[in-house]
Peer 1: 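Take a look at the following structure, please.
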Amino acid sequence: MTQKLNILLLLALAFQAKRVCGENAAVPNDGSSGKDSPASALVSDEPKHGVSLPAFAPFSVPNAAFWEQFAGGLEPHWKGSQASKDGEEEARYSGEWAVEEATELVGITGDNMLVVKSEARHHAISAPLDKPFDPAPHGLVFQYEVKLQNNLNCGGAYAKLLTAPLSGEFSDATPYTLMFGPDKCGDSKVHLIYRHKNPVTGEYTQHHLKQPPTPPADRLTHLYTLVVHTNNTISVSIDGSERRAGSLLEDFEPPVNPPKEIDDPNDKKPSDWEDEEKIPDPDAEKPSDWDEDAPLMVTDEDAVMPKGWLENEPLMVEDPEAEKPSDWDDDEDGDWAAPMVPNPRCAEADGCGPWKRPLKRNPDYKGKWTPPLIDNPRYKGEWAPRRIANPEYFEDLEPYKLAKIGGIGFELWTMQSGISFNNIYLGDSIKDAAQIAKNVWEPKHDAEIAVRDALNPKPPKVEKSKTSELLELLKIRLADIALSIGSFYDALQRDGVAVALREERSGAIASAMAASGLCWLVWNLLAFVRLLRGSAVPAQAPSRASTAKDASSNSNSDAAAEAATTSARPDGGSGGAAVKRKTAKSDKS
Ligand SMILES: *[C@@H]1O[C@H](CO)[C@@H](O)[C@H](O)[C@H]1NC(C)=O
């Protein structure tokens, strides 16, 4: 009988072990464990991430003022700067640039880009336009791709549209018309700054877009698009969707047009200007009974000495228990005196020594007299300087007519290398920019996402698929089986068949097992087949193990799945324990 049961038990365990393990291998798995191994395998063997990458094909934009895909490398257009930032020798633009393909999340093969190669360096590089571009007639469209291959903790990734005509080495001192692109260090924003020439003074002032959008922080290629319309409105888009719209007149700080009036810098507050709203009443007099000298605290004359106060007892007395040491030599050590200790009588009394009256707050205390405040009859209000016409006033209602552009430059400080630029477009055609976005950027971006997802598979959504649902139910069923076998076998071994059977609450399966384990297995197999056929929820198996019931009521619980896996492991868990027990038992019988 026992041996028969043992064999059945082994069969059942083998069956469920095979099922559970096989199934685990088939399911992409719930995140953590399945994530590492395939990813690292794929990184080392790139073409095998299962994404077929599009190859680079040149794209032509005939009417662009500037269009750069870096297909021909840096030369002859791009030139690294030999200057220094702020003209200081230690701030030389020593950062290196390269034109090369992406190394991180490659979306397109053979696609060259301009790459920042050095960390913690000043970088500057620029390229001239074939001929200066004038934003006045049709506005301006500027678009380029940024890919942060090593991410960006601190650094710039913005471009400068350099004011024509270009002269000298490119540096931070080179006048620019507009600056646009992501910048990260602490807070992270998409800069948009334009420089405007004050027609009165001839000086340029910088105007920053208020509330700039936040750039994405990943290693994908992102497309930054700026449109300046001829009605002074601007639009900033990232990856083709508008992230900020505004007006050159209203949404920049400081405003491009200065105020009509300003405070007169020569106007001074007159010395007799009364701007105190309240003054002390000059007619008030100190009341005759006001004693400024009355002290805050006085002796409490009503206080009496507590009855238990011992006025004649000292606070300290000689220790009555102290004795002169036997080796005390009066000649050498001087006269012996007992050490002083707190007077033990005082401990029980209200106090000892001379008694003094306590202090109390003086009811006649008044303090310094001050006259009450009254409204100042000569009060003139807050003084403000006279307003005069602003001598630098002008009104430019067409700031979109930005200064002509002669070149494009990147002048950056960065802590991270790998910042990459590509597909730089400057012109006046929103249509061309959109075509570039659709034909050049989008396929690359999509491929990059596909590669990223292949490298980091997302955990499957278990609830979504019918098969996963079935597998989940199967796991629970197997956990149930394992636990019922385990607990029944334990009882059997401990207390014998009769007790084991009695202990089974429902008794159905246990009896069936005892009578014919095969029937029991077949029943479960049938239930499994019913499951696979898709009959919604299977008829509740006559299960009795309470722990298994808890697990199964918590339908897609990880605990249940884990219980199934653990109990099925041949080298550990309850399954392994059961096998070991089996060996011991058969030796005995
Ligand atoms: C400005 O011009 C653009 C392009 O013509 C247009 O889409 C936009 O609605 C205009 N905005 C305003 C405020 O007129």
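Residue indices begin at 1 and follow the sequence shown. Whatever order the structure lists ligands and atoms in, that order sets their numbers, starting from 1.
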Peer 1: Distances only, to 0.1 Å: what are the N or O pairs between ligand 1 and the protein that fall under 3.5 Å?
Peer 2:
from     : atom 1 : to   : atom 2 : distance (Å)
ligand 1 : 2 (O)  : N231 : OD1    : 3.3
ligand 1 : 2 (O)  : N231 : ND2    : 2.4
ligand 1 : 11 (N) : N231 : ND2    : 2.9
ligand 1 : 14 (O) : N231 : ND2    : 3.0

Peer 1: Please set out all donor-acceptor pairs under 3.5 angstrom arising from side-chain atoms of residues 124-143, sequence neighbours excluded.
Peer 2:
from : atom 1 : to   : atom 2 : distance (Å)
D134 : OD1    : A136 : N      : 3.0
Q143 : OE1    : T225 : OG1    : 2.7
Q143 : NE2    : A433 : O      : 3.0

Peer 1: Would you check if there is a donor-acceptor pair between the side chains of Q149 and S420 at a distance under 3.5 Å?
Peer 2: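 Yes, side-chain donor-acceptor contact under 3.5 Å.
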Peer 1: Are side-chain heavy atoms of E68 and W78 found at a separation under 4.5 Å?
Peer 2: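 They are in side-chain contact.
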Peer 1: Ignoring hydrogens and geometry beyond distance, is a side-chain donor-acceptor pair present between Y93 and E411 at under 3.5 Å?
Peer 2: yes
Peer 1: Any chance the side chains of E242 and S235 put a donor and an acceptor closer than 3.5 Å?
Peer 2: yes
Peer 1: Consider only side-chain N and O atoms of N423 and Q69, and report whether a donor and an acceptor are under 3.5 Å apart.
Peer 2: yes
